[in-house]
Amino acid sequence: MRKTLTEVELLAMKKYPKWYGTPTVAEYLGIHPEKVREKIRNGEIKAERLGRLYRIHSTEIYRLLKEKDEATF
């Protein structure tokens with residue numbers, strides 16, 4: 001199930017930066033976690049690597065969600 005974010009959550013995400021893992025980002029974007037990792041490797045999503053894990057900054061998630069909204073119009 002895709003988790004939808006409210007405007008308040010999006011604003012908080014931008015104001016109070018936080019790092020998220022690929023499963024959480026996948027849930028927000030409505031795609032499979034492996035697809036998130038693929039987009040990171042292709043350079044479509046900016047992420048930091050911590051050991052074997054990727055971490056995506058909240059501002060990057062905000063950018064991705066904004067692009068996704070703009071693409072639907």
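These figures come from a predicted structure and were not determined experimentally. Just the heavy atoms: all of them, side chains too, but no hydrogens, waters or symmetry mates, feed the values below.
- Distance OG1/T22 to CG/L29: 11.0 Å, rounded to 0.5 Å.
- Using a 4.0 Å cut-off between charged nitrogen and carboxylate oxygen, R41 and E34 count as a salt-bridge pair.
- Contacts of K35 classified as side chain to side chain donor-acceptor pair (under 3.5 Å), with partners at least two apart in sequence or in another chain: E38.
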Is there a side-chain contact (heavy atoms from CB on, under 4.5 Å) between K39 and I31 once you walk through the steps? CA-CA 11 Å; K39 287 177 175 284; I31 59 178; 4.2 Å; yes
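- The CZ atom of R63 sits 11.5 Å away from atom CD1 of I56, with the distance rounded to the nearest 0.5 Å.
- Remark: T24 OG1 to I61 CD1 distance equals 8.0 Å, nearest 0.5 Å.
- For the side chain to side chain donor-acceptor pair (under 3.5 Å) test, no residue two or more places apart in sequence or in another chain qualifies with R55.
- Between A26 and H32, the shortest heavy-atom distance links the atoms CB-C, 3.8 Å.
- Taking 4.5 Å as the limit, every side-chain heavy atom of E27 sits out of range of all side-chain heavy atoms of P23.
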Below 3.5 Å, can you tabulate the donor-acceptor pairs from side chains in residues 46-53 to any protein atom, sequence neighbours excluded?
residue : atom : partner : partner atom : Å
R49     : NE   : G51     : O            : 3.1
R49     : NH1  : Y54     : OH           : 3.0

